[in-house]
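One structure below.
For ligands, and for the atoms within them, numbers begin at 1 and follow the listed sequence. Heavy atoms only: backbone and side chains are in, while hydrogens, waters and symmetry mates are out.
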Amino acid sequence: MAKPEKLSAVKGMNDILPAESARWEWLEAQVRELMARFAYRNVRTPIVEHTQLFVRGIGEVTDIVEKEMYSFEDKLNGERLTLRPEGTASLVRATIENNLLYDGGKRMWYMGPMFRHERPQRGRYRQFHQIGAEALGFAGPDVDAELIMLAVSLWKQLGLTQWRLEINSLGQPEERQAHRQALIAYLEQHQDVMDEEAKRRMYSNPLRVLDTKNPAMQEMVNGAPRLLDFLGEGSLAHFDGLKAILDANGVPWTVNPRLVRGLDYYNLTVFEFITDMLGSQGTICAGGRYDYLIEQVGGKSAPAVGWALGVERVLELVKELGTDIPAPTLHAYAIVPDVAAMPVALRTLQQLREAGVRVQMHAASAEGMGSMKSQFKKADASGAHFALIFGSDELQQGLVTVKSLRDGAGQQVQQALADAAQWAATLQSAV
Ligand code: ATP
Ligand code: MG
């Protein structure tokens, strides 16, 4: 038989292996706890949605909808479907469909994989993970501030110090409209320094032209009319309200008047948490207000605000800063010299596990259990603090030997098999 061809993961989509997953689980546990403290409830939506949801929700002339979506036709019924590129549109769809806002605002959070067909590089993948927090049905800057402070609490919890917060206000649609006209007029005057992409976007999404990373366009962009100068009283009051709460809480911020965001649906507050430690993919968390999205997706008009963080980028920063992750510790390793002892050994291990002990069993191979020496070697390599030795002499007396492999290595005591639940705690407390 010909050797089957080796298969590999899809480009830009990563396995998260045991060496990494402890870090992921640690982050997820911190997030779960923190969301509970801020009274945000978890939501899990499907990974596949109707393509139309994202076209309507995110906006037709955005990077995501124009070129990054994994869309396909359902072979059975011809429906146009898409692997979700972000979480907000799905959450809004679920909120509308299940009438979640009938008795007032809701605070919710999600986590999971997202899919975008981008050029893979450090901090940019085709399957990546986001954790998002969204508050639907609340209009005031107090909730914008709450969400930002939730993120700040998370950074603190994760030991992340190297970040800055940039904020901006995109105002309301009519203010944007006035600014848009002034901006297009300005861009029309400066087409000589604009690249092809900017020219293409000039009429469809001129605000995004300001977001360009092209150095040759920076001077032109710096002189462009600023949206902030077009904001009315209400928008300014909202922005000032947010700043006042951040100030009162010692959260440092800077206004970046050119901060727009890649999704079309934002208004008023937008913000990003950025780090300088991850090269050019430095935005670890981004969000803002989207008071018109719910209506746009077919719901009854309601204000909303939220953010999403990139899990891979946050974990990269955790690694970069050398934060200590509590390693999953193994309490004990079971050494079984003779396969005949297996039934009794396993019964004891089961009792220990039910009492909370983490214990790895030495498994038999085709040749049997292996020598004591090789079993001890495995026990040492496992990182366990104790070896449990199920030798036949001890077993006959209803005993098992507990030998220390770490502190005071070599010390050993014998324990009764019958009351494993009694001495289980001594295995855990030494760790
Ligand atoms: P960028 O400007 O980096 O492309 P974006 O504006 O497209 O980001 P959002 O849609 O706001 O990003 O997503 C929120 C966060 O999700 C980002 O700040 C980033 O941390 C993370 N993120 C977005 N796209 C990717 C990706 N392809 N790979 C890894 N993380 C990503
Ligand atoms: Mg992007």
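At a 4.0 Å heavy-atom cut-off, ligand 1 touches Gln130 through the side chain alone. With a 4.0 Å heavy-atom cut-off, ligand 1 is reached by no atom of Asp63. By the criterion of a heavy-atom distance under 4.0 Å, both the backbone and the side chain of Arg124 are placed next to ligand 1.
The line from CD1 of Ile325 to CH2 of Trp24 is 13.0 Å long, rounded to the nearest 0.5 Å. Between the OG1 atom of Thr269 and the CG atom of Asp144 there is a distance of 3.5 Å, given to the nearest 0.5 Å. Here the straight-line distance linking atom CG of Leu227 with atom CG of Leu183 works out to 9.0 Å at 0.5 Å rounding.
With respect to the salt-bridge test (charged N to carboxylate O, under 4.0 angstrom), the residues Asp380 and Arg406 qualify.
For a threshold of 3.5 Å applied to N or O pairs, the pair formed by Arg116 and ligand 1 contains at least one separation below that value. Of the N or O atoms in Gln281, none lie within a sub-3.5 Å distance of an N or O in ligand 1. Geometrically, ligand 1 and Lys213 share no nitrogen or oxygen pair separated by less than 3.5 Å.
Evaluated by nearest non-hydrogen atom to atom 31 (C) of ligand 1, the leading choice among Phe273, Phe115, Phe128 is Phe128.
With Phe239 as the aromatic partner, Lys243 meets the cation-pi criteria of under 6.0 angstrom to the ring centre and within 45 degrees of the ring axis.
With Glu49 as the fixed residue, the salt bridge (Lys or Arg N to Asp or Glu O under 4.0 Å) test singles out one of Arg56, Arg84, Arg93: Arg93.
With ligand atoms numbered from 1 in the order given, ligand 1 contributes 14 (C), 15 (C) to contacts under 4.0 Å with heavy atoms of Ala308. The contact set between ligand 1 and Ile284, taken as ligand atoms under 4.0 Å from a residue heavy atom, comprises 20 (O).
Taking the six-membered ring wherever Trp is involved, the centroid distance between the rings of His331 and Phe386 does not fall below 6.0 Å.
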